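Small disclaimer: the values here were computed from a predicted structure and weren't measured. For reference, positions follow the sequence shown, starting with 1.
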Amino acid sequence: MCRLFGLTSAPRTTQATFWLLDAPDSLDVQSRRNPDGTGLGFFDADGRAELFREPIAAWADRQFAAEARQASSRTFVAHVRHASTGEISPRNTHPFLHDGRLFAHNGVLEGLDELERHLGDAMSLVAGDTDSERLFALVSREIDAAGGDVGRGITAAARWVAANLPVYSINLLLITPSDLWALRYPDTNELHLLRRPAGGRHGGRPLHHADAAGATRVHVPGLASAPAVVVASEPMDEHPDWRPLAAGELIHVAPGGTVHSVLALPDPPAHPLTLADLRPQAAASQHAGPTPPEKQAP
């Protein structure tokens, strides 16, 4: 299934080396895992968004790999796509950028005609075919309606979706140059949080993570001496402090690593979807990949 990864070391800038779909196995095996696009978003020293998206596995594009290995920012979001809605193309590849905010989503929404009617003029923010970008357009509209309050905007958008659309999952990550937000809803897909002290569990070590499918790996040497907060679709190492977000939990990580948590959606969706309800393409996108090599220590 799609993989989400977010990291913040704000207010400190760190250089992160990302490997996306770069596991040491055959291309034939890799082509069966999340083959439909890879994306990386972060911000430069002036707060301008840097966005690299390819509708192919990252190992197949040298420019993408070069950029991913040199990324420097206070906040990062990465996404490995297994398409559930929309063609395989750059415009449908996460993350998406609106108004200086970067967004990625893991899940499935149905009832897109109704969502488009609800968006109205905000459909002008949508360039592609995905449910994810339409969800982001709604989030962006609600943030504007809340006077720029990102948490209130995410909550308002997610509550409308939960009340009005068939929902399998709307797990999401949103970053700005200084902050990170994450929502897990409902409990269908996992989303995990790690508050990592400087040097990790044992001290003096860089951050080096790999997820279970080998789809996303990240190395951050600067975090040997600086704290960070990581959000990912699954625990990416054996650190004991990973915790799953609760269903409906919205977290905001402010500069300095302060984590604010609220149960934004305490009730289940009005129209929940199961795997059996999904179209074959959407159902296939939500299956986990194969088990990986042994995870590395933090």
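Using a 4.5 Å heavy-atom cutoff, the side chains of Asp144 and Asp99 are in contact. The side-chain heavy atoms of Leu173 and Ile175, taken from C-beta on, include no pair separated by under 4.5 Å. Proximity of Val150 to His252: side-chain heavy atoms (C-beta onward) are nowhere separated by under 4.5 Å. Side-chain contact between Ile251 and Trp181 is absent, with no heavy-atom pair separated by less than 4.5 Å. Ser169 is not listed as a side-chain neighbour of Val108, based on a closest heavy-atom distance of 4.5 Å or more. For the pair Val259 and Leu193, the minimum side-chain heavy-atom distance is below 4.5 Å. Leu109 is listed as a side-chain neighbour of Val161, based on a closest heavy-atom distance under 4.5 Å. Contact of the Val77 side chain with the Phe42 side chain is not registered, since no non-hydrogen atoms from C-beta on lie closer than 4.5 Å.
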Legend entry - Check against side chain to side chain contact (heavy atoms under 4.5 Å, CB included), Phe5 and Val230: CA-CA 7 Å; Phe5 177 89; Val230 182; 3.5 Å; yes
Inset, instruction - Apply side chain to side chain contact (heavy atoms under 4.5 Å, CB included) to the pair Ile170 and Leu135, showing each step before the final yes or no. - result: CA-CA 9 Å; Ile170 53 172; Leu135 173 62; 4.1 Å; yes
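Under the 3.5 Å distance criterion, with hydrogens and angles disregarded, a donor-acceptor pair is assigned to the side chains of His208 and His219. A donor-acceptor pair shorter than 3.5 Å cannot be found between the side chains of Ser73 and Glu50. Using modelled atom types, one finds a donor on one side chain and an acceptor on the other under 3.5 Å when comparing Thr14 with Ser9. With hydrogens and angles left out, the side-chain atoms of His118 and Arg141 include a donor and acceptor closer than 3.5 Å. Using a 3.5 Å distance cut-off with no hydrogens or angles, the side chains of His98 and Ser140 do pair a donor with an acceptor.
The hydrophobic clustering, which links ILVMFWY residues whose side-chain heavy atoms are closer than 4.5 Å, places Leu223 and Trp242 together. Linking ILVMFWY residues whenever their side-chain heavy atoms come closer than 4.5 Å, directly or via other members, leaves Leu125 and Ile143 in distinct clusters. Both Leu112 and Leu165 belong to a common hydrophobic cluster when Ile, Leu, Val, Met, Phe, Trp and Tyr are linked at side-chain heavy-atom distances under 4.5 angstrom.
A distance-only check finds no donor-acceptor pair linking the side chain of Arg74 to the backbone of Ser178 [under 3.5 Å]. Between the side chain of Asn171 and the backbone N or O of Tyr185, at least one donor-acceptor pair lies under 3.5 Å. No side-chain donor-acceptor contact under 3.5 Å links Thr13 to the backbone of Ala45. Between the Ser233 side chain and the Leu4 main chain, a donor and an acceptor come within less than 3.5 Å of each other. In this structure, His260 contributes its side chain and Leu250 its backbone to no donor-acceptor pair below 3.5 Å. Proximity of a side-chain donor or acceptor of Glu133 to a complementary backbone N or O of Phe96 within less than 3.5 Å is not detected. A donor-acceptor pair is defined here as one N or O able to donate and one able to accept, closer than 3.5 Å; such a pair exists between the side chain of Arg184 and the backbone of Leu245. The backbone N or O of Leu194 lies less than 3.5 Å from no partner atom in the side chain of Asp241, so there is not a single donor-acceptor pair. Listed for the Arg195 side chain is no donor-acceptor partner under 3.5 Å among the backbone atoms of Thr258. One N or O on the side chain of Asp149 and one on the backbone of Gly151 form a donor-acceptor pair closer than 3.5 Å.
A pairwise comparison of heavy atoms in Val126 and Ala137 identifies CG2-CB, 3.7 Å as the closest pair. The shortest non-hydrogen separation linking Leu180 to Gly6 is CD1-C, 4.0 Å. The shortest heavy-atom contact between Arg12 and Ser225 is NH2-OG, 3.4 Å. Shown here for Leu263 and Ala247, the closest heavy-atom pair between the two residues is CD1-O, 3.3 Å. Of all non-hydrogen atoms in Thr155 and Ala264, the two that sit nearest each other are OG1-CB, 3.7 Å. Taking every heavy atom of both residues into account, Pro186 and Val167 meet most closely at CD-CG1, 4.2 Å.
Within the model, atoms NE2 of His105 and CG of Leu183 stand 9.5 Å from one another, a figure rounded to the nearest 0.5 Å. Taking CD from Gln15 and OG from Ser72, the interatomic distance works out to 5.5 Å, rounded to the nearest 0.5 Å.
Ring geometry for Phe103 versus Phe136: interplanar angle under 30°, hence parallel rather than tilted (30 to 60°).
A salt bridge is defined here as a Lys NZ or Arg NE, NH1 or NH2 lying under 4.0 Å from an Asp or Glu carboxylate O, and Arg243 with Glu249 meets this definition. By the 4.0 Å N-to-carboxylate-O rule, Arg134 lies close enough to Glu116 to be salt-bridged with it.
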